[in-house]
Amino acid sequence: MLHIYNTLTRQKEQFAPLDPSGVRMYVCGPTVYGSAHIGHAMSYIVFDVVRRYLEFSGYRVRHVQNFTDVDDKIIRRAHDTGEEWNQLSCRYAKEFLSDMDSLNVLRAHSYPRASEMIEQIIADVARLIALGHAYEQDGDVYFRVMSDPMYGQLSHRRIDEMNAGARVEVDERKEHPMDFALWKSSKPGEPAWDSPWGPGRPGWHIECTSMSRCALGDQIDIHGGGNDLIFPHHENEIAQSEQLTGKRPFAKYWMHNGFVQFGEGGNDTGAKMARSVGNVIPISEVVRRYGADGYRLFVLSSHYRRPLSVSDEAMNAAGTAAERLAAAAESAQPGTDTGSYTAHRAEFIAAMDDDFNTSRALAVLYELATEVNRLNARGADGAPAASLLRELGAAVGLRLEAPTSGELPAGAQELIRVREEHRSARQFAEADQLRAQLLAMGVVVEDTTQCTKWHLDR
RNA sequence: GGCGACGUGGCCAAGUGGCAAGGCAGAGGUUUGCAAAACCUUGAUCAGCGGUUCGAAUCCGCUCGUCGCCUCCA
């Protein structure tokens, strides 16, 4: 039985979807004003694993993830580059999807964009005004936090306590300093849509309320995102959504992942990674250096709610481990009976059921890999263990592809063949020389008692 | 000032009251023409101090250290 830690209640709860026929899951997507980095990758890998494991457990999942494609940063960035704001956001959204593909993150069923949701957003804002939960002020519309007695329920903060903080900028036009914008009037040159309050654009928080409701209905099962979104973004989403529909809870389980940080000894020890800080590592770089499975293994080696310290050493270790798992999974056979490994399967499920304890679950995969190698080494049948390894690996999104995949450089095939001839003639000096030559070409050759294998050096 | 997270072997990391999972690296061994891979063996009393308990990494208190949120942010 799956248990999920719910930020709302601050405890692990037994998972039961609102509607038994399927799970509705909404994950906050990126603001597409620039390239995604490995912090985004970590977050979306985490929710990819959540989704995959729910499906592995037999649930039908509907997964929706938005793109924030209208916002101050996008407008500013577009202004700087001379590009149209919608061109810029489209470009980065596309890049985001291909980055996620490269990481083997399953595509969501739908990717709504704020700019395509304007009509719905205006209707929702108008309704919030009609209900007395929002008010207009010079073309801006604000949500009235005092009208929501539950405000602060997610972040566990009280309005008066936050008020004491020195960093809340006081805007005279707001009734209360914590009131937040649902609709922003536009300045000249900014993207704008007509509304009952004049030309403007949606505030950040309302888009998720409208998109989530549009794509999944008034109430959903899982709402996810990085833990920096707890306040104010998710708090505000709850306030808007629940006041709008009169239904509670807006989301039954709130899941938040910890942040990628730089580990000890790095240039930027302990610091958070963020585009606004300017210390990001691009996704393509880690995929190239450690492989998609390697980075995923690195992410899953620690618990998703904990901060994840990146270091070359740790990611490298994960990359090496990924190669070992992939090599072991090679002896898998489709349709093999894995019945003799029920204990392994049970332990994997127990670990994952405990709020996605992937670190514990991975230990099962490593054990299976060792088992496969042990059996194969003494000529026994490693296929059942390997097949289970492949199956459970897939449940957490590991491809476990053999390292052999890829194209041999020109002439390498011939060198391998010639080397084989030397070996069978016991001309080892010549064979070793050819091996060195192949290695220089990026081809690693390994001899076994039966045959010679090769794979590309990474 | 308010809210929260964390400090486990060289590195990463699980465990949250009963002999400290797992990965990577290192060392020794088996195997191999050699190399690689693989397999076997091998290391920590859990930031510090005090307390509760038959028993604590795990509960309580204090101290030290690190980080996040309260402003855009996965």
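Here the structure is a predicted model, which means the values were calculated and not measured. Labels below follow one simple rule: chain letters A, B, ... track the order of the sequence lines, proteins then strands, and each chain is numbered from 1.
For A:R435, whose side chain is taken as the heavy atoms from C-beta onward, the closest listed nucleotide among B:rA25, B:rA74, B:rC34 is B:rC34. Taking the side chain of A:R306 as heavy atoms from C-beta on, and the options B:rC12, B:rA14, B:rA74, the nearest nucleotide is B:rA14. With B:rA14, B:rC69, B:rA74 as the candidates, the nucleotide lying closest to the side chain of A:S302 is B:rA14. For A:R423, the side-chain atoms get nearest to B:rG33 when compared with the rest of B:rA74, B:rG33, B:rG10. The nucleotide whose nearest atom lies closest to any side-chain atom of A:R157 is, among B:rA74, B:rC70, B:rG23, B:rC70. When each of B:rA5, B:rA25, B:rG10 is scored by its nearest atom to the side-chain atoms of A:E313, the top-ranked nucleotide is B:rG10. When distances are taken from the side chain of A:A321 to each of B:rG23, B:rA74, B:rG10, the shortest belongs to B:rG23. The nucleotide whose nearest atom lies closest to any side-chain atom of A:Y366 is, among B:rG22, B:rG33, B:rA74, B:rG22. Nearest to the side-chain atoms of A:A363 among the listed nucleotides B:rG68, B:rA37, B:rA21 stands B:rA21.
Using the six-membered ring where Trp is involved, A:H256 and A:W254 have ring planes that are parallel, under 30° apart on the 30 and 60° scheme. Under the 30°/60° scheme for interplanar angles, the aromatic rings of A:Y53 and A:F348 are found to stand perpendicular. Taking the six-membered ring where the residue is Trp, A:Y111 and A:F67 present parallel rings, their angle staying beneath 30° rather than reaching 60°.
Contacts of A:F47 with the nucleic acid, taken as non-hydrogen atoms under 4.0 Å apart, are absent. The residue A:R77 sits apart from the nucleic acid: no heavy atom pair falls under 4.0 Å. Using a 4.0 Å heavy-atom criterion, one finds that A:M315 contacts no nucleic acid atom at all. Within the nucleic acid shown, A:F428 comes within 4.0 Å of at least one base atom, counting heavy atoms only. Backbone-only contact: A:F231 has heavy atoms under 4.0 Å from sugar-phosphate atoms and none from a base. Across all strands, A:G29 comes closer than 4.0 Å only to sugar-phosphate atoms, never to a base (heavy-atom distances). Base contact: A:V260 has a heavy atom under 4.0 Å from a base atom. At the heavy-atom level, A:R378 lies nowhere under 4.0 Å from the strands shown. Within 4.0 Å of A:D72, counting heavy atoms only, lies no atom of the nucleic acid at all. Using a 4.0 Å heavy-atom distance criterion, A:L229 is classed as a sugar-phosphate-only contact. No engagement by A:H256 is indicated, since no non-hydrogen atom pair under 4.0 Å with the nucleic acid exists. Among the heavy atoms of the strands lying under 4.0 Å from A:G39 is at least one base atom, whether or not backbone atoms are also near.
Taking atom P in both B:rA21 and B:rA27, the straight-line distance is 24 Å, to the nearest Å. Separating the C1' atom of B:rC62 from that of B:rG23 is a span of 36 Å, rounded to the nearest Å. Taking the C1' atom of each, B:rA44 and B:rA57 are spaced 11 Å apart, rounded to whole Å. Spacing of C1' atoms, B:rU8 relative to B:rG1, comes out at 33 Å, to the nearest Å. The same atom, P, is picked in B:rU58 and in B:rC40; the two are 33 Å apart, to the nearest Å. Spacing of C1' atoms, B:rG15 relative to B:rA56, comes out at 13 Å, to the nearest Å.
Residues A:T452 and A:R423 form a side-chain contact, since some pair of their non-hydrogen atoms from C-beta on lies under 4.5 Å apart. Using a 4.5 Å cut-off on side-chain heavy atoms (C-beta onward), A:E242 and A:D148 make no contact. The closest side-chain heavy-atom distance from A:Y26 to A:M211 is below 4.5 Å.
Base pairing annotation: B:rG1 forms a Watson-Crick or G-U wobble pair with B:rC70, both donor-acceptor distances under 3.5 Å. In this entry B:rG7 has B:rC64 as its Watson-Crick or G-U wobble partner, both defining distances falling under 3.5 Å. Under the Watson-Crick and G-U wobble criteria, each requiring two contacts below 3.5 Å, nucleotide B:rG17 is left unpaired. Across the strands present, B:rC39 finds its partner in B:rG29; the criterion is a Watson-Crick or G-U wobble pair with both atom distances under 3.5 angstrom. Checking B:rU52 for Watson-Crick or G-U wobble geometry (two distances, each under 3.5 Å) identifies no partner in any strand.
In summary, the aromatic rings of A:F428 and A:H422 are positioned with their centroids too far apart to meet the 6.0 Å limit. Annotation: A:Y253 is not in aromatic contact with A:Y5 [ring centroid separation under 6.0 Å not met].
Residue A:D432 places a side-chain atom within donor-acceptor reach of the base of B:rG33, judged by atom type and a 3.5 Å distance cut-off alone. For B:rA21, its base sits under 3.5 Å from the side chain of A:S359 at one donor and acceptor pair at least. The base of B:rG15 lies outside donor-acceptor range of the side chain of A:R360, with no N or O pair under 3.5 Å. Between the side chain of A:N227 and the base of B:rC69, no donor-acceptor pair under 3.5 Å is found.
Phosphate proximity of B:rC6 to A:R305: absent, as no side-chain N or O sits under 4.0 Å from OP1 or OP2. The phosphate of B:rC72 (OP1 or OP2) has no side-chain N or O of A:T68 nearer than 4.0 angstrom. Applying the 4.0 Å criterion to OP1 and OP2 of B:rG4, one finds that A:R10 has a side-chain N or O inside that range. Contact annotation: A:R275 reaches the phosphate of B:rA74 (side-chain N/O to OP1 or OP2, under 4.0 Å).
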Each nucleotide N or O in nucleotides 38-41 of chain B that has a protein N or O under 3.5 Å away: list the pair and distance.
residue : atom : partner : partner atom : Å
B:rA38  : O3'  : A:N373  : ND2          : 3.0
B:rC39  : OP1  : A:N373  : ND2          : 3.2
B:rC40  : OP1  : A:R374  : NH1          : 2.5

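The side chain to side chain contact (heavy atoms under 4.5 Å, CB included) test with A:Y341 singles out one residue from A:L389, A:L388, A:V364, A:L392, and that residue is A:L388.
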Open item on the list: One pair to check against side-chain contact (heavy atoms from CB on, under 4.5 Å): A:H234 and A:H223. What are the steps and the verdict?
Closed with: CA-CA 9 Å; A:H234 288 162; A:H223 193 122; 3.5 Å; yes
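Atom NE2 in A:H223 sits roughly 12 Å away from atom C1' in B:rA74 (whole-Å rounding).
No donor-acceptor pair under 3.5 Å is formed between the side chain of A:S43 and the backbone N or O of A:H40.
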